[in-house]
Amino acid sequence: MDIDVIINKYTDKFNEEIKKVLEQIQNYPRIILFRHILPDYDAMGSQMGLYYWLKANFPQKEIYYVGENHVTLMGQCFPLTQEISDDLFDKNTLSIIVDTASEKRISDERYKQTAYLIKIDHHHIVDKLNFGDIQIIDENLASASELVMAVLLKMGKEFSMPKASLEMFFKGIIGDTNRYLYSGVNDLTFTLSLLISQGEVDIYQAYQEMYNKNHNEFYIKKYILDHMQFTPKGVGYYILTMEELNKLHLPPELAKDYLDLFEFIDGLPIWLSVSYNPKSQNYRVSIRSSGISLIEVASLYRGGGHENAVGARLTTLDELPLLLKDLDALIG
């Protein structure tokens with residue numbers, strides 16, 4: 001297998017953009033990396049993989065990363081977010097935003113004060129006026145971590161790929177593909193995974209950090225399975241109000257993590273979680289499907305994402321019957 005051929009297959013279309021990205025990295029003395037709000041494995045993996053790569057290859061530059069911390073993964077899988085002064089966001093600063101489709105979902109608005117903006121992402125474009133002075137977007141890839149890693153490899157063999165970056169990219173790829181189960185997994189996914197394994201990354205340790213659970217997990221799973229509901233067309237869903245989240249000792253940010261319970265259930269074409277978000281005082285919705293495009297429906301409810309995995313928001317639970325009706329209509 002010629003690894004370069006596979007990487008070129010997915011990056012040649014971005015040759016001009018990649019050249020410009022490298023030029024901007026070389027031009028600016030300070031670089032700050034951003035990710036999306038409510039970060040997941042891929043947001044943090046792509047951001048931190050890029051961070052360690054920049055630190056290794058441009059030690060003379062100031063490199064920072066920002067964004068809200070994840071309730072459980074920070075400190076366990078990823079380092080805590082840096083707290084940096086407002087003074088660092090200025091005309092001498094380059095911003096790179098990864099794994100973020102919509103400008104309103106960028107975690108930390110101080111990117112607006114910087115001089116130049118690069119976007120690297122794999123989501124469907126949802127903003128009519130997309131953001132970024134340079135944009136590298138491939139909606140066909142399963143994770144942003146793949147795209148960022150491929151772009152860095154494309155920049156040339158004179159740049160090293162540190163073990164710390166490989167570890168971060170691995171967690172991003174595994175998290176966003178659910179261990180290679182989701183659509184979008186392709187030859188690039190496995191090629192990069194091969195490179196990661198050759199980089200002496202402790203795969204077992206990474207899985208331990210990502211998937212170790214405590215005993216309370218059993219009670220949460222039992223509760224969700226017991227309270228799953230279904231529409232006439234077979235859409236499955238569970239609802240977690242603030243009262244139920246408190247009862248289960250479940251942080252609101254983790255409410256969607258139990259959608260994996262319903263993967264590969266025959267006769268379940270669409271499934272979703274609906275959970276209260278105390279920060280915005282509305283309901284966060286995460287929807288998955290087995291081959292049915294969800295993008296159009298998600299856009300009706302303030303959301304977006306991938307073909308078979310989207311997020312949305314409901315102002316109140318009164319909107320839920322409308323959403324379920326729209327999802328039923330997708331089934332026919």
Side-chain angles (χ1 to χ4, degrees), residues 14 17 21 32-48 50 65-70 81 89 94-114 116-148 151 172 175-177 182-184 252-253 255-256 259 272-275 277-289 293-315 319 323 326-327:
F14 300 120
E17 288 84 355
V21 168
I32 302 179
L33 310 180
F34 296 77
R35 58 175 180 256
H36 63 70
I37 60 174
L38 301 172
D40 55 11
Y41 287 113
D42 194 29
M44 293 181 286
S46 55
Q47 182 190 43
M48 296 309 303
L50 177 56
Y65 60 94
V66 295
E68 63 184 319
N69 284 312
H70 187 278
T81 293
F89 299 81
L94 167 66
S95 292
I96 305 179
I97 300 174
V98 297
D99 195 37
T100 308
S102 170
E103 194 167 6
K104 65 185 178 183
R105 286 183 55 79
I106 300 172
S107 183
D108 198 321
E109 292 190 348
R110 290 180 290 178
Y111 72 91
K112 296 176 181 178
Q113 304 166 28
T114 61
Y116 203 87
L117 177 60
I118 295 169
K119 172 184 177 178
I120 307 177
D121 186 37
H122 72 128
H123 294 93
H124 287 276
I125 297 172
V126 296
D127 288 339
K128 291 182 179 179
L129 296 175
N130 202 17
F131 64 93
D133 298 294
I134 303 173
Q135 301 173 16
I136 298 178
I137 305 169
D138 193 333
E139 300 176 1
N140 297 311
L141 296 186
S143 69
S145 293
E146 293 170 62
L147 182 56
V148 174
V151 165
D176 233 30
T177 65
Y182 291 159
S183 63
E253 297 88 344
K256 71 172 185 178
L259 284 171
L272 59 146
S273 67
V274 182
S275 58
N277 181 3
K279 290 183 179 179
S280 55
Q281 297 185 354
N282 56 23
Y283 283 83
R284 184 182 299 130
V285 182
S286 295
I287 315 172
R288 305 289 183 266
S289 77
S293 177
L294 303 167
I295 294 291
E296 186 174 344
V297 169
S299 68
L300 299 176
Y301 297 90
R302 312 162 195 92
H306 307 288
E307 289 291 334
N308 308 128
V310 298
R313 287 183 293 116
L314 304 178
T315 53
E319 288 186 288
L323 171 60
D326 288 336
L327 292 174

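Sequence positions, counted from 1, serve as the residue numbers for this chain. Just so we're clear, the structure is a prediction, and the values are computed from it rather than from any experiment.
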Ignoring hydrogens and angles, tell me if any N or O in the side chain of [X] forms a donor-acceptor pair with the backbone of [Y] under 3.5 Å.
X	Y	result
Asp133	Leu117	yes
Gln47	Leu33	yes
Thr100	Val98	yes
Gln281	Asn277	no
Asp176	Asp42	no

Does Ile37 have any side-chain contact (heavy atoms from CB on, under 4.5 Å) partners at least two apart in sequence or in another chain, and if so, which?
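Testing Ile37 for side-chain contact (heavy atoms from CB on, under 4.5 Å), a comparison that skips the adjacent residues, returns Glu68, Arg105, Ser107.
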Among residues at least two apart in sequence or on other chains, which ones pass side-chain contact (heavy atoms from CB on, under 4.5 Å) with Ser293?
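Testing Ser293 for side-chain contact (heavy atoms from CB on, under 4.5 Å), a comparison that skips the adjacent residues, returns Ile295, Glu307.
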From the options Arg35, His36, Lys119, select the one residue that forms a side chain to side chain donor-acceptor pair (under 3.5 Å) with Asp99.
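Exactly one option meets the side chain to side chain donor-acceptor pair (under 3.5 Å) with Asp99, and it is His36.
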Quick one, [X] and [Y] - any side-chain contact, counting heavy atoms below 4.5 Å?
X	Y	value
Leu38	Asp40	no
Tyr111	Val66	no
Ser275	Tyr283	no

Begin from the C-alpha positions of Leu323 and Leu272 and carry the test side chain to side chain contact (heavy atoms under 4.5 Å, CB included) through to its verdict.
CA-CA 11 Å; Leu323 171 60; Leu272 59 146; 4.2 Å; yes
Kindly write out the residues that satisfy ring pair (Phe, Tyr, Trp, His ring centres under 6.0 Å) with His306, not counting sequence neighbours, or none if the list is empty.
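Counting only residues at least two positions away or on another chain, His306 forms a ring pair (Phe, Tyr, Trp, His ring centres under 6.0 Å) with His122, His123.
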Run Ile97 and Phe131 through side chain to side chain contact (heavy atoms under 4.5 Å, CB included) and show every step you take.
CA-CA 10 Å; Ile97 300 174; Phe131 64 93; 4.0 Å; yes
Heavy-atom closest pair, residues Ala312 and Ala298
CB-O, 4.4 Å
